[in-house]
Structure formats: C-alpha cells, structure tokens
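All remarks here apply to the structure that follows.
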Amino acid sequence: MWCLIAAVPIAAAPMSVPIAPVTAPLNRAIDVRSLSRAEIAAGRAVALCGVVMFVDDDRHALYLHDGSAGIFVGRIDHPADVRPGDVAAVTGVAWQGGLAPAVMADSLEIGGHAPLPDPKHPTGMQLASGGLDAQWVELIGVVRAIASEGTTAVVELGIDGRVFDVRIAHGAPAPGAVLVNAVIRVRGVCDVDISRRGVPLGGRILSPGPSAVDVVDPGTADPFRLPVQTIQNLFEFRAQQYFGRLVHIRASVALERPGTSLFVQDATGSLYVATQDPLKVIVGDLVDIVGFLGSDNGPIIERARYRPLGRGMPLVVHPANAAGIQDGRFIDDLIRVRARLVSIDDDATLWLRADGLTFTAALDAGGLASLNLVPGSDLDITGIGISTIRNGALTAFKMRLRSVADVRIMRSAWTLPLRYVWWLLGAVTTIAGLLVAWSVALGRKVRAQTDALRRAKDLAESSTRAKSEFLANMSHEIRTPMNGIIGMTDLALATTLTGEQREYLDMVRESAGSLLTIINDVLDVSKVEAGKLRLDPVSLEIRTLVNDVLKPFAIAAREKGLALGVDVAGTVPPRLVGDPVRLRQVVLNLVGNALKFTERGGIAVTISLDADQPSDPERIRLHGTVRDTGIGIPLEKQPIIFEPFTQADGSTTRRHGGTGLGLSISAMLVALMEGRLWVESEPGRGSAFHFTVVLGRAGAPVEVTGAPPALARAAARLRVLVVEDNVVNRLLALRLLEKEGHEVATVNDGRAALAALERERFDVVLMDVQMPEMDGFQATSAVRAQEAGTGRHLPIIAMTAHAMAGDRERCVQAGMDGYVAKPIGVTELVVAIDNVLAHDGAASCLA
C-alpha cells in the first residue's frame with residue numbers, strides 16, 4: 001500500500017501523552033489492539049499505514065485499517081478534503097482512548113487512495129459485546145426510525161431482535177430511498193461506549209456516507225396503507241416472515257393504558273400493543289394500528305402508532321376458570337372470572353383466589369375503595385388476563401381492570417360497619433360506668449372479659465400454629481417429590497444421553513431449581529416473621545464474596561449486552577466477621593433484580609465504609625450499592641416494593657417474571673444485620689439500591705454455630721440402612737450411596753427399620769421423619785431405648801422434607817445425630833455422613 005505525500009501538523013490541544021521508550025515501533029494495528037493497559041501506560045511507539053474508513057470531525061480523529069485490523073486514531077488535524085478511502089501514514093504512541101487500544105498521533109501523512117477493507121458480518125449479540133470496537137462491519141437490518149442531526153442522518157436499525165443506531169455522515173441517502181420498515185445493508189465502523197471502569201455500555205455504527213448504504217427492500221411511506229392483517233394471521237406460521245417488520249391491524253380497544261399500551265380485539269383474537277402514542281381512545285373504539293411485530297408469550301406489536309376510526313364491534317368476554325388460565329388458554333384476552341377476595345392492597349389492587357390459583361386484579365385509575373369490598377366475598381371480575389409463560393408453564397397471572405364496573409359482588413362477606421363498632425364501644429363504656437356501683441356485678445364482668453380475652457388469645461395462637469403447620473406440611477409435601485425430580489434428573493444426566501435428551505433433562509433440572517428457589521424464599525419470609533431466623537457469623541472476605549456472587553451473572557449480562565462491574569473500596573478491611581450466606585443472599589437478590597429489569601447499559605456493585613460508623617471499635621458498618629440503567633421505579637411505587645409478593649408495576653411480571661419476594665427478604669436480612677435497605681430511582685433512568693450492614697472486625701470474638709468440622713470423606717465401605725416411605729426417594733438414596741461405594745439396604749417405615757436392625761448390623765441409618773405406621777422420631781426413640789446402658793451408639797441422620805425453623809433442633813432432641821433437608825444431593829449426603837462419623841464412637845461403628 002502506497003502512503004503518503006504531505007505531512008500534516010498535530011493539534012496543539014494540551015493532553016498528557018506517555019513518552020515512548022527507544023524501541024522499535026509497532027507497525028500493525030492488530031498488535032496495538034493486543035497491548036495490555038500496563039504496556040500502553042509504559043508508552044509504546046506506533047507507526048501505521050492504512051486506509052481511512054471514517055473521519056470524525058467532532059473528535060479530531062479518524063478510523064484507520066492497515067489490513068490487519070481497524071483502529072481509532074486521535075488528536076489529529078486532517079486536511080479538509082480527507083475522505084474515506086484515502087491512504088494515511090500515522091506515527092504516535094499507543095493510547096487507551098476507549099474500549100480497544102488506540103493511537104495518539106504525533107504525525108499524519110495523507111497520499112493515494114485504496115479500497116476499503118472487506119467488512120465483517122457480525123450478529124447483534126457480537127455487536128453488543130463490544131469486541132468489534134473500531135472494526136469495519138456490514139449489517140443488514142430493518143429501519144425502525146429515521147431522524148437527522150445537522151448533516152448526519154440517524155437511523156434506528158433492528159438486528160437480531162436488538163436495536164442499534166446507525167449514524168450516516170454527510171446526509172442521508174437519496175430522498176425517499178430509505179423509509180421506515182425498509183431492509184437496508186449498511187457498512188461502517190463500530191463505535192463502542194464504555195463506563196468509567198472501561199466496560200462496554202453499547203454503541204453505534206458510524207457510516208461514512210450514503211454510498212455505504214444499499215436498500216435491500218423498500219420501506220413504507222405510509223404504513224397505514226399496508227394490507228390489514230387479522231390478529232389470527234399473526235399467530236400462524238406464515239407470519240414468521242413479518243417478525244421485526246411493520247404490520248397493520250384494525251381492532252377494537254379492550255383496554256387502554258395511556259402512553260404505554262393497548263389491548264385490542266378483533267373477530268379472530270386478542271393482542272397486546274406497546275405504544276407511546278399520546279392519542280386518547282376509549283374502550284370499544286375501533287383503531288388502525290401499525291407497528292413492528294415482536295414476540296412475548298406470543299405475537300405482540302411494538303413501537304406502535306394508531307389512529308381512531310369510530311366505534312368498533314361489541315367486545316367478546318370469554319368466561320374463564322383456573323384450569324383454563326393455568327393451561328395458557330387466555331393470553332391478553334378479555335375474560336370474566338369468579339373468584340374470592342383475599343385482601344385489598346390499596347385503592348387499586350385486589351388479591352383474589354379461584355380454585356387454588358392466586359392472582360391480582362388492578363385498576364390504574366383507582367376507585368375500588370368505593371365498592372366497600374370485604375375480604376371473603378365472592379366477586380365476578382371482568383378484565384384483561386395477562387399470563388406469563390416460561391418453559392411451557394404458567395408462572396404468573398394477573399388481570400387489568402377497565403373501571404370499577406368490572407367488579408361485581410356476587411356474595412358479600414358479613415362485617416360490622418365501623419360506625420356500629422364505635423357505637424357499641426360507647427354503649428359498653430356506659431354500661432361499665434354504671435356497673436362500678438355494683439362491685440359483684442363488676443367482678444363478674446371482669447371475669448367474663450378475662451375469659452373472652454383468653455379465648456381470643458387462644459384463637460390467635462391457634463391461628464399462628466395453623467399457619468406454621470400449613471407451611472411445614474406444604475414444605476414437606478412439595479420437597480418430597482422435588483427430591484425425587486431433582487435427584488433422578490441428576491442421575492439421568494450422569495448417564496450417556498443423546499443431545500436432545502440432555503437438553504430436555506437440563507430444562508427439567510432448571511425448572512425444578514426455580515421452583516425450589518421460590519419455596520425457599522417463602523420459607524425465609526416465614527422464618528423471619530416468626531423470629532426464628534438466626535445469623536451464623538464466621539470470618540469472611542468481602543471482596544471474594546461479592547466477586548463470587550457476580551460470577552453466575554456474567555454470562556447472562558454478556559448475552560444481554562450489559563456491562564457488569566464491582567468496586568470494593570480500599571478502605572474496607574480484607575477480612576470481616578458476619579454471616580456470608582445471608583450477606584450473599586442480599587447481594588444475589590439485588591443484582592438478579594437489576595439484571596432482570598435492565599435491557600441496555602450496565603450494572604455496577606460498589607462496597608464502601610458507611611459515613612456513620614458504630615461506636616464499638618470491634619464493629620464496622622458497610623454501605624453497598626447496586627446501580628443499574630434499567631426501567632426505573634416511579635416515586636409513588638418505591639415504598640411498596642419491599643413488601644412481600646409486590647412489584648412496582650405488576651405489568652413487569654408479564655415481561656420479567658418473579659414472585660416479588662427478593663426485595664422483601666433482602667430488607668428483612670439487612671435489618672437482622674442492623675442495617676437498612678432503600679432505593680433511589682427515576683423511571684427510564686435506572687435505579688440504585690442501597691443497603692447497610694454491621695459486621696465484626698476480624699479478631700473479634702465470634703460465635704460460630706452449626707455442625708462440627710467434617711472429616712475427609714470416609715474411605716471405608718459402609719453398610720447403610722435407608723428408611724424412606726416414598727419409593728422414588730428410596731431408590732434415589734440407594735443409587736447415590738451405591739455410587740459412593742457403600743452397601744445399602746432399604747425399608748419403608750420405622751417398624752421395618754427396627755426389624756432390620758435386629759437382623760443385621762449397620763454403620764449408619766438415614767431416617768425419614770414423616771412415615772406411616774411408625775415415624776422417624778418414634779423409630780429413633782426406640783433405637784436409643786435399646787442402646788441404653790449398652791455403650792453402643794448407632795449414628796442416625798434425619799433425611800427429611802421438613803425444612804422449617806426448628807425442624808433441625810427437633811431431630812437432634814429426638815436423638816438423631818445429623819440432618820439433611822430434601823432435596824438432597826450426593827455432596828450434602830456424604831458430608832452429613834462424614835460429620836456424624838467424626839464424633840467419638842465412630843470407630844466402634846466402623847469396626
């Protein structure tokens with residue numbers, strides 16, 4: 001490649017530039033891009049010759065390609081007539097000017113002309129990752145919007161379900177050549193934005209001019225002239241050709257959320273329409289709608305525009321029940337459901353239950369208080385049914401109401417009006433005053449009131465016990481089959497499988513894990529409310545803990561094109577004392593929440609010392625922040641997001657899923673750690689969740705709870721008796737232990753276990769707790785009674801689905817030596833066996 005005729009002077013703008021050492025300069029762009037930050041800081045000399053791809057007048061810079069790679073060249077004053085395709089020679093030093101290493105120019109010479117390089121053809125995900133910074137690329141996408149900034153045309157381009165800005169220098173292509181909905185091929189340089197920590201936040205394509213843009217498929221001058229599709233057409237396979245392109249439908253409004261969305265209906269079906277169009281319509285209006293066809297639990301229309309056409313057809317209301325909803329028959333449909341009112345959150349949200357399905361019904365305008373609804377009443381609810389489907393199963397359901405007329409009271413629960421309560425209290429007070437004169441009567445009245453209070457107290461305690469028993473039973477009944485599902489899936493995954501079989505089983509394992517997370521969240525809330533959740537402080541490294549929490553999120557963040565960073569202040573001591581499990585749970589919930597509600601930009605986690613420190617020198621208060629660039633939270637919704645089962649906007653559940661327990665549990669946990677959790681947020685500009693916790697300084701006295709340290713895995717071949725009434729869980733325990741090399745016998749209840757122990761000698765017993773005939777507590781008590789006075793002690797480990805607060809203690813009090821909560825894994829099982837064998841007497845058991 002020939003370079004160069006005239007030297008061009010460098011701009012005199014002050015800038016700190018490293019002085020290059022006396023070494024041979026790098027003469028390939030790809031070698032410069034491979035430098036580390038330390039090598040760049042040392043100042044590496046650079047001498048490149050290549051073709052100009054793009055000239056950035058605003059930044060006094062250009063992009064150069066020398067045949068090995070593209071590179072950004074900054075700090076230049078180029079001739080006014082320099083253009084893409086010109087040959088340039090640059091000398092200077094390596095510079096960390098953006099995501100990829102660049103060149104800070106000392107001199108520049110222009111001369112000759114050469115063809116532009118062959119472009120790369122990246123996917124949308126590759127573009128979002130930032131790995132193609134400063135490279136020449138060619139893209140094909142759908143034009144979603146067109147604007148202008150001076151002489152630069154800004155085209156919003158949809159590629160692989162992602163949206164990128166393309167900035168075309170020196171004016172747009174020929175008038176009318178590019179329209180909304182056109183498919184274009186554009187060539188240009190990938191320019192990536194970075195955060196302060198140098199991670200990619202997104203970017204754009206810089207195209208040198210209209211000659212780098214080709215129209216593959218013409219756009220639409222008037223989208224409303226496109227053929228009208230029925231909603232049913234968009235559900236058919238042939239509609240695949242329209243995904244990402246403009247479509248035109250004509251339908252009646254079933255529900256409007258101004259500036260946010262429409263739910264519409266035609267004679268063939270219902271559809272969700274996302275729009276920011278400020279036009280006002282009412283329920284029943286016929287509207288023309290054009291927008292880009294997308295998908296979320298089915299077809300949706302995005303970035304829609306609409307215009308009213310008058311009154312439409314009468315809306316069809318579909319009768320629905322819990323079974324049909326759970327089968328996914330009603331997605332964005334106008335439905336009517338008979339349900340019982342559980343509670344009323346505020347003036348706009350009802351909690352309802354129908355045949356085992358719990359859901360909410362919300363009214364944006366409020367006004368439900370005017371209905372004087374009473375919990376326990378049977379209601380007939382009409383509204384839009386919004387279902388969230390994940391992996392083919394319903395994960396969330398709610399309804400959006402149109403007005404208070406959508407709620408009909410079918411049967412009202414009896415309640416005493418407040419005015420009558422006050423009247424009654426006044427009457428009682430008057431009577432009590434009169435009875436003061438008669439001490440005997442007053443004494444009887446006091447005794448009667450005391451009895452009433454005692455009954456009320458007994459009733460309240462009974463209610464609390466019933467709640468605890470219900471949660472315990474539900475935990476047991478769910479964890480027992482979950483143990484079989486997860487365990488048998490793990491065993492199947494360890495066998496030889498086809499790719500399709502492994503994919504299906506991975507999905508089963510992932511779904512079961514998600515269900516187990518929800519179960520654990522509900523139990524955590526119950527434990528905190530009951531005051532039975534205890535912290536387990538040990539020595540921990542805060543930097544290692546936070547980094548370990550972020551590792552599982554790195555892949556998901558990269559797939560979404562998000563930056564994910566962490567910064568632990570240098571003033572934070574390296575070792576502290578606290579409960580690492582619960583601290584990790586807080587950070588995990590906050591980062592997971594941020595990732596769920598952030599589509600572009602990034603997430604940053606910072607840990608520092610709080611300005612307000614405890615007076616005790618042995619303790620320290622940390623201040624953590626999880627900041628995102630997501631959808632944000634309206635100010636009026638911020639106080640309620642820390643309540644259980646609550647999200648700022650129920651519509652986000654349709655998009656993102658979730659139970660609404662994560663923030664509630666995190667708030668409870670930081671309160672246990674003498675801190676608090678709060679949020680700063682603005683819709684459309686992201687959120688910052690702050691939390692404080694008090695930890696001990698390393699070296700302070702630590703109360704460590706839990707099991708004694710385990711020995712290394714027992715090398716001996718053990719004889720193990722498994723006592724389990726569930727056939728699947730019995731088989732699972734058998735297979736897990738046999739894989740560890742142990743000899744296993746199984747029985748199905750406590751009586752059979754006692755009979756087996758009389759016939760044979762075992763080294764350890766794995767005992768289920770809840771069994772017919774004789775449960776695990778009774779069987780353990782019988783074993784300990786037989787051992788009394790003999791000096792023998794058979795290790796017994798509880799293997800149970802009971803995981804409530806106090807269940808471990810009950811097992812120990814019953815005479816058991818260890819405890820494993822279902823669902824169990826081989827690691828937990830082996831550690832539990834090692835722990836009990838580590839106690840005194842283990843040697844005799846192994847003899």
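What you see is a predicted model, and the numbers here were worked out from it, not measured in a lab.
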Item to check | Shortest non-hydrogen contact between Pro101 and Gln96, atoms and distance | outcome: N-NE2, 3.9 Å
Checklist entry - For Arg204, which residues count as a salt bridge (Lys or Arg N to Asp or Glu O under 4.0 Å) partner, sequence neighbours excluded? => result Asp191, Asp193
Next on the checklist: Once side-chain contact (heavy atoms from CB on, under 4.5 Å) is applied, do any residues pair with Val587, and if so which ones, sequence neighbours excluded?
Outcome noted: Val549, Val591, Phe691
Item to check | Backbone of Lys120 reached by a side-chain donor or acceptor of Gln135 within 3.5 Å | outcome: no
Checklist entry - Any donor and acceptor pair, going by atom type alone, linking the side chain of Ser681 with main-chain N or O of Gly686 inside 3.5 Å? => result yes
Item to check | Atom of Val538, atom of Pro580 and distance for their closest heavy-atom approach | outcome: CG2-CD, 3.4 Å
Checklist entry - Within the side chain of Gln126, is there an N or O that forms a donor-acceptor pair under 3.5 Å with the backbone of Thr123? => result yes
Checklist outcome for this item: Taken in chain and number order and not counting sequence neighbours, the residues that satisfy side chain to side chain donor-acceptor pair (under 3.5 Å) with Glu674 are Arg619
Checklist entry - Does any pair with a residue in residues 676-689 pass salt bridge (charged side-chain N to carboxylate O under 4.0 Å, His left out), and if so which ones, sequence neighbours excluded? => result none
Checklist entry - With sequence neighbours excluded, what pairs up with Glu738 under the salt bridge (Lys or Arg N to Asp or Glu O under 4.0 Å) test? => result Arg735
Checklist outcome for this item: Residue set satisfying side-chain contact (heavy atoms from CB on, under 4.5 Å) with Ala688, at least two apart, ordered chain then number -> Thr625, Arg627, His690
Next on the checklist: With a 3.5 Å distance limit and no angle check, can you tell me whether Asn593 reaches the backbone of Asn589 through a side-chain donor-acceptor pair?
Outcome noted: no
Checklist outcome for this item: salt bridge (Lys or Arg N to Asp or Glu O under 4.0 Å) filter on Arg575, not counting sequence neighbours, yields Glu541
Checklist entry - Under the side chain to side chain contact (heavy atoms under 4.5 Å, CB included) criterion, do Asp817 and Ile797 qualify, and how do the steps go? => result CA-CA 6 Å; Asp817 303 278; Ile797 299 172; 5.5 Å; no
Next on the checklist: Using side-chain heavy atoms (C-beta onward) and a distance below 4.5 Å, is Val722 in contact with Val744?
Outcome noted: yes
Next on the checklist: Between Thr692 and Leu622 (side chain of the first, backbone of the second, donor and acceptor by atom type, cut-off under 3.5 Å), is there such a pair?
Outcome noted: no
Next on the checklist: Could you check whether any side-chain N or O of Arg717 sits under 3.5 Å from a backbone N or O of Gly741, counting only pairs where one atom can act as donor and the other as acceptor?
Outcome noted: yes
Next on the checklist: With side chain to side chain contact (heavy atoms under 4.5 Å, CB included) as the criterion, how do Val32 and Ile40 come out once you've worked through the C-alpha distance, each side chain's angles and the decisive distance to 0.1 Å?
Outcome noted: CA-CA 9 Å; Val32 179; Ile40 293 172; over 6 Å; no
Checklist entry - Which residues pass the side chain to side chain donor-acceptor pair (under 3.5 Å) test with Glu39, sequence neighbours left out? => result Ser36
Next on the checklist: Please find the pair of heavy atoms, one from Met816 and one from Ala798, that lie closest to each other, and give the distance.
Outcome noted: SD-CB, 3.3 Å
Checklist entry - Taking only residues two or more places apart in sequence or in another chain, which ones pass side chain to side chain donor-acceptor pair (under 3.5 Å) with Thr358? => result Arg353
Next on the checklist: Please give me the minimum heavy-atom distance between Pro795 and Leu837, naming the atom from each residue.
Outcome noted: CG-CD2, 4.1 Å
Item to check | Any pair counted as ring pair (Phe, Tyr, Trp, His ring centres under 6.0 Å), so long as it reaches residues 536-571, sequence neighbours left out | outcome: none
Checklist entry - Where is the tightest heavy-atom contact between Ala69 and Arg33, given as atom of each residue plus distance? => result CB-CD, 3.9 Å
Item to check | Donor-acceptor under 3.5 Å (Lys560 side chain, Leu595 main chain) | outcome: yes
Checklist outcome for this item: With sequence neighbours left out, the residues meeting side chain to side chain donor-acceptor pair (under 3.5 Å) with Asp610 are His623
Item to check | Sequence neighbours excluded - side chain to side chain donor-acceptor pair (under 3.5 Å) pairs with any residue from residues 600-609 | outcome: none
Next on the checklist: Between Asp628 and Ser687 (side chain of the first, backbone of the second, donor and acceptor by atom type, cut-off under 3.5 Å), is there such a pair?
Outcome noted: yes
